[in-house]
Amino acid sequence: MGGWAIAVHGGAGVDPNLPLERQEEAKQLLTHCLNLGISAQNSNVPAVDVVKLVVRELETDPLFNSGRGSALTEKGTVEMEASIMDGPKTALRRRFGSHHPFKNPISLARLVMDKSPHSYIAFSGAEDFARQQGVEVVDNEYFVTPDNVGMLKLAKEANTILFDYRIPSSAYETCGSGVESPLQMNGLPISVYAPETVGCVVVDREGRCAAATSTGGLMNKMTGRIGDSPLIGAGTYACDVCGVSCTGEGEAIIRGTLAREVAAVMEYKGLKLHQAVDFVIKHRLDEGKAGLIAVSNTGEVACGFNCNGMFRACATEDGFMEVAIWD
C-alpha cells in the first residue's frame, strides 16, 4: 500500500471574474476541511468515516452549495441530495438520496448504509427514516442565505437556471450571468456555470477507498429534480480500486456514469489513476462540463475538469498538499 490520500472539492466550473475575496474564502474552507481529514487519517480513522466527517463540515458552512447555503428550487425551498460509498464493504455498499431539510444529509446517508436494508431512501420515506433514527431536522430558513435569495430572484427574472449562486449581488454585472450566449443544459439556458457541489474521497492506510458527495442542486431547479450527486456510479463511486466524487453538469455526469467510468477503465484498460481521470474527462462527457476528484488503493490522488476551474484540495501521506481553483 502507498499510504493514505485525500481529496476534497467544492464544485467545478468557476467564473473567471469571481471576486478574489470569495476565492480566498473558498481556499480557507477547503484547507480547513483538508486538515480535518488529514488529522483523522493520521489517527487511523477508516476511510468511510473520514469522508463523512469532511463532507459534514462542508455542509455546515454556507460557503458552498450543500447543507446550509444550498441552492433554492423554483419554489424557494431546499431539496438536498447526498450519497456515501464504502468501497471494500461488498455487502454494505449503501447509497442515499435526500429531498428534505435534514441538517446534515451526509449523516443520514451514512445511517442508510448502516441502519437500513436499502441503497436509496428519498422523499417522504427519507423523512420518516430520519425521524426514526433521531436525525436533526431544521426549518427551511436554516439553509437560506441572502445570496441564495438574490440569485433565485435573478434566475426567475432571467427565466433560467443559475449554477453559481455564490456570486455576490453587488457584482452580478462583472460575472457570467450577463453573457449573451449562455451554456445549454438539455436545451435550456444556463447563465453561470459554477455548481458548487461538495465531495470528498479517501484511501486509508489499509488501502480502503471511500467517497461522499453532497449538494443542494441547481438554483431555480424544478422541484423533485434529482442530479448526479446521490446516484452511485454517476456522482459518487468507491470500490476496491478507487474512490471518486464528481461535480458539474449533473445531466452529463449521469449520462456518462462518470464516477464508475474511472474505476472501469482502471479495471478493464489497466490505466493508472491519473490516466483514468484524464481519459474519462476527455472522452466520457460529450459536450458536458464537469470535474472530479479521485484516489486509488495505492495512495494516488488525482483531480480533473474540463471547465474554467474547480475548487479543490488534496494531500497524501508522503507530504504532498495542494489547494487550488484554477488549472
Side-chain angles (χ1 to χ4, degrees), residues 7-16 65 71 81 83 85 160-164 176 179 181-201 211-215 217-218 221 225-239 241-296 300-312 314 324-327:
V8 184
H9 75 73
V14 185
D15 191 290
N65 178 15
E81 304 167 349
S83 63
M85 192 168 187
T160 188
I161 295 169
L162 286 180
F163 274 86
D164 188 5
V179 296
S181 301
L183 294 169
Q184 298 284 313
M185 184 181 73
N186 291 351
L188 299 176
I190 301 169
S191 294
V192 181
Y193 193 81
E196 297 172 354
T197 294
V198 305
C200 180
V201 293
T213 312
S214 181
T215 190
L218 309 180
K221 66 182 178 182
R225 181 259 184 183
I226 297 175
D228 65 286
S229 296
L231 301 182
I232 294 302
T236 307
Y237 191 73
C239 61
V241 174
C242 65
V244 184
S245 175
C246 299
T247 171
E249 187 180 331
E251 277 64 17
I253 294 170
I254 293 169
R255 290 194 302 270
T257 57
L258 210 64
R260 169 57 190 159
E261 281 292 288
V262 174
V265 296
M266 291 180 72
E267 293 171 353
Y268 304 129
K269 291 177 71 71
L271 300 185
K272 297 295 185 181
L273 183 70
H274 286 269
Q275 295 173 316
V277 169
D278 185 62
F279 177 86
V280 167
I281 291 295
K282 288 181 178 178
H283 300 290
R284 292 292 186 263
L285 274 169
D286 298 324
E287 296 181 356
K289 299 294 183 181
L292 63 85
I293 55 174
V295 292
S296 73
E300 300 170 290
V301 64
C303 306
F305 53 93
N306 66 350
C307 39
N308 288 331
M310 180 169 69
F311 295 106
R312 64 197 188 277
C314 56
I325 299 176
W326 313 108
D327 194 358

Counting C-beta onward and ignoring hydrogens, is there a side-chain heavy-atom pair between [X] and [Y] closer than 4.5 Å?
X	Y	answer
Met310	Ile325	no
Phe305	Arg312	yes
Leu218	Arg225	yes
Met85	Tyr237	yes
Val262	Phe279	no

Measuring from [X]:[atom1] to [Y]:[atom2], what's the distance to the nearest 0.5 Å?
X	Y	atom1	atom2	answer
Cys246	Ile281	SG	CD1	7.0 Å
Asn306	Leu292	CG	CG	9.5 Å
Ile226	Lys221	CD1	NZ	9.0 Å
Glu81	Thr197	CD	OG1	8.5 Å
Ile254	Leu231	CD1	CG	5.0 Å

Grab the two heavy atoms, one from [X] and one from [Y], that are nearest each other, plus how far apart they are.
X	Y	answer
Ala290	Ala12	C-CB, 4.1 Å
Ala238	Ala211	CB-N, 4.0 Å
Ala71	Gly217	CB-O, 3.6 Å
Ala302	Val277	CB-CG2, 4.0 Å
Val265	Ala276	CG2-CB, 3.5 Å
Val244	Ala294	CG2-CB, 4.1 Å

(message) Checking Val241 now: which residues fulfil side-chain contact (heavy atoms from CB on, under 4.5 Å) with it, not counting sequence neighbours?
(response)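 Checked Val241 against side-chain contact (heavy atoms from CB on, under 4.5 Å); matches are Cys239, Met266, Glu267.
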
(message) My understanding is that only residues two or more places apart in sequence, or in another chain, count here; which of them pass side-chain contact (heavy atoms from CB on, under 4.5 Å) with Ala7?
(response) Val201, Ile293, Val301, Cys314

(message) Assess, by modelled atom type and distance only, whether the side chains of Ser245 and Thr213 contain a donor and an acceptor separated by less than 3.5 Å.
(response)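 The criterion, which ignores hydrogens and geometry beyond distance, is satisfied for Thr213 and Ser245.
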
(message) Under a 3.5 Å threshold, yes or no: a donor from one side chain and an acceptor from the other, between Ser229 and Thr215?
(response)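 No, because no side-chain N or O of Ser229 sits under 3.5 Å from a partner of the opposite role on Thr215.
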
(message) Can you tell whether the side chains of Glu249 and Lys289 come within less than 4.0 Å, N to carboxylate O?
(response)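 Salt bridge flag = no for Lys289 with Glu249.
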
(request) Go through the steps for Arg260 and Ile232 under the test side chain to side chain contact (heavy atoms under 4.5 Å, CB included), then give the verdict. (result) CA-CA 8 Å; Arg260 169 57 190 159; Ile232 294 302; over 6 Å; no

(message) The test is side chain to side chain contact (heavy atoms under 4.5 Å, CB included); show your working for Asp228 and Leu258 and say whether it passes.
(response) CA-CA 9 Å; Asp228 65 286; Leu258 210 64; over 6 Å; no

(request) Sequence neighbours left out, what passes salt bridge (Lys or Arg N to Asp or Glu O under 4.0 Å) with Lys269? Give chain and number order. (result)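 Partners of Lys269 under the salt bridge (Lys or Arg N to Asp or Glu O under 4.0 Å) test: none.
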
